[in-house]
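Counting starts at 1 for both ligands and their atoms, following the listed order.
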Amino acid sequence: MKKKALIFGITGQDGSYLAELLISKNYTVYGVKRRNSLIQTTRIDHIFKDKHYKSDLVLKYGDVTDSLNVNNLINQIKPDEIYNLAAQSNVGISFEIPEYTAQVDAIGTLRILEAVKSLNMKKVKIYQASTSEMYGNSTDRPYNEKSRFQPVSPYGTAKLYAYWISKNYRDAYNIFISNGILFNHESPRRGENFISRKVVLGLIYVLKGERKCLYIGNLKSKRDWGHAVDYVYAQWLILQQKKPDDFVISTGQNYTVKDLINRVLIKLEIKHKWMKDLNGLEYVIALESKEYIKNKQIIVKQDPSYFRPNEVNNLLGDSTKARRILKWKPKTTFKKLIDEMVEKDLDKY
Ligand code: NAP
Ligand code: GDD
């Protein structure tokens with residue numbers, strides 16, 4: 001019998017890689033897509049185009065803000081594994097739409113748990129996409145499964161509710177649900193308004209003359225950046241355990257946003273220099289002409305409108321537990337990750 005997996009959030013970065021992984025492991029994958037005015041399945045369309053795979057992927061319309069829909073999907077599909085990746089996942093945007101973020105990221109998880117509880121599905125295993133954002137600016141770095149949580153954004157706070165309600169239902173009703181506390185992970189499929197992809201795409205547009213300058217916010221924050229392909233493998237491993245548990249997934253190395261910009265500039269072979277204006281805002285000038293960039297052109301500039309009302313300054317993970325129990329470790333370095341992102345976007349361009 002083929003295993004059945006149900007992925008909420010299949011059209012996202014992680015959902016698309018996870019679908020590929022599960023199909024390669026002989027699962028039938030059911031994915032939940034939202035109704036949008038334009039079809040938003042570009043990250044998974046290639047799976048349907050491959051005749052070997054297309055019968056292994058079934059898409060259903062749905063939304064984790066709709067209890068009836070969540071209940072019906074779980075009841076009809078009767079999955080062996082549920083991956084709850086559905087989220088309004090942008091931290092900056094969560095300050096602008098905090099209530100919606102809570103509806104999806106916090107109560108969405110509760111809806112899935114209530115469906116599984118009320119349907120009395122004893123065997124299903126659930127993965128909850130928890131996040132390093134829950135640590136906020138807590139001081140006991142590097143963060144592991146025992147570190148304190150102090151979220152500083154509507155997103156982080158909503159995700160902390162989802163984390164705790166998952167543990168509550170695990171203890172109270174014996175539901176198999178595990179939290180993966182994942183640190184930032186990127187890929188060529190990353191959404192365009194996260195910093196890694198924004199910088200890669202933005203600087204390619206500057207190089208090709210489609211844009212004069214890339215505008216960004218905080219340069220000093222540090223992130224522990226890994227590759228999404230390595231991280232979805234950890235998600236699957238977490239559900240292959242005999243008992244539900246919580247795991248930090250991280251590389252153990254972190255870099256500033258400025259490091260990230262420098263890495264992209266190096267990969268694009270753009271000689272450059274950082275400068276500061278009278279207000280202390282930093283900017284980058286090109287040190288020679290290249291393609292559509294002129295010598296001394298300002299190609300990157302800080303714009304305060306991208307600063308967040310609250311910032312998580314320094315995320316660094318300790319994934320010792322995952323390395324020991326899951327035998328998981330990241331395969332991709334920061335340099336390799338950024339280089340791959342630049343190469344893929346240059347190819348597409
Ligand atoms: P993503 O690219 O933003 O994908 C989010 C997915 O959720 C998309 O498929 C999106 O659908 C779907 N979604 C949004 N609202 C929904 C709703 N109301 N009902 C059903 N589906 C909905 O995020 P990701 O980077 O793949 O991350 C996957 C999960 O891991 C998220 O829960 C995120 O919060 C969490 N996480 C991510 C990271 C990271 O660094 N990437 C780290 C830790 C935790 P549309 O395509 O229609 O928008
Ligand atoms: N998005 C964005 N856009 N971020 C910027 C910008 C900008 O123009 N300029 C500076 N930054 C800074 C942010 O302030 C933050 O400190 C850092 O770059 C990373 O921002 P994002 O790439 O948006 O990611 P994030 O760390 O806020 O959240 C991501 O990682 C979390 C795990 O730690 C998301 O994927 C979350 O869903 C995930 O839970």
Honestly, for V32 the part within reach of ligand 1 (heavy atoms, under 4.0 Å) is neither

Using a 4.0 Å cut-off to any heavy atom of S130, which atoms of ligand 1 qualify? 43 (C), 44 (C)

Scan I293, L207, I285 and name whichever one has a side chain to side chain contact (heavy atoms under 4.5 Å, CB included) with I299. I293

Using the ring of each side chain (for Trp, its six-membered ring), is Y83 parallel, tilted or perpendicular to Y127, with breaks at 30° and 60°? tilted

Report the part of K159 (side chain from C-beta onward, or backbone N, CA, C, O) that has a heavy atom under 4.0 Å from ligand 2; answer both or neither where that applies. neither

Per-atom contacts, ligand 2 versus R190 - under 4.0 Å to a heavy atom: 29 (C), 34 (C), 35 (O)

I'd like the name of whichever of K159, R223, R111 reaches closest to atom 32 (O) of ligand 1 through any heavy atom. K159

Using a strict 4.0 Å cut-off to heavy atoms of G9, name the atoms of ligand 1 that fall inside it. 6 (C), 7 (O), 9 (O), 12 (C)

Under 4.0 Å, heavy atoms only, figure out whether ligand 1 is touched by the backbone of A228, its side chain, both or neither. neither

Just need the protein heavy atom nearest to atom 14 (O) of ligand 2, so name the residue and atom and give the distance. E311 OE2, 2.5 Å

Heavy atoms only, cut-off 4.0 Å: how does K33 contact ligand 1, side chain, backbone, both, or neither? neither

Can you tell me which residue and heavy atom of the protein come closest to atom 9 (N) of ligand 2, and the distance to 0.1 Å? G217 N, 2.8 Å

Which residue holds the protein heavy atom closest to atom 4 (N) of ligand 2, what is that atom called, and what is the gap in Å? R308 NH2, 3.6 Å

Any N or O on Y306 sitting closer than 3.5 Å to an N or O of ligand 2? no

S89: numbered ligand 1 atoms lying under 4.0 Å from its heavy atoms: 1 (P), 3 (O), 23 (O), 33 (C), 34 (O)

Are any of the N or O atoms of W225 closer than 3.5 Å to those of ligand 2? no

Minimum distance, heavy atoms only, to atom 29 (C) of ligand 2: which one of N193, D224, N184 is it? N184

Of S187, G12, G62, the residue with the heavy atom nearest atom 4 (O) of ligand 1 is G12

Is there a polar contact between ligand 2 and Y155, counting only N or O atoms under 3.5 Å apart? yes

Hey, looking at atom 19 (N) of ligand 1, which of I181, I44, V64 has the closest heavy atom? V64

Pick one of side chain, backbone, both or neither for how Y155 approaches ligand 1, counting any non-hydrogen atom pair under 4.0 Å. side chain

Contact region, D63 to ligand 1, non-hydrogen atoms below 4.0 Å, reads both

Is the distance between the ring centroids of Y231 and W328 under 6.0 Å? yes

If we set the cut-off at 4.0 Å for heavy atoms, which region of I195 has an atom near ligand 2: side chain, backbone, both, or neither? both

Non-hydrogen atoms of R189 versus ligand 1: any pair closer than 4.0 Å? no

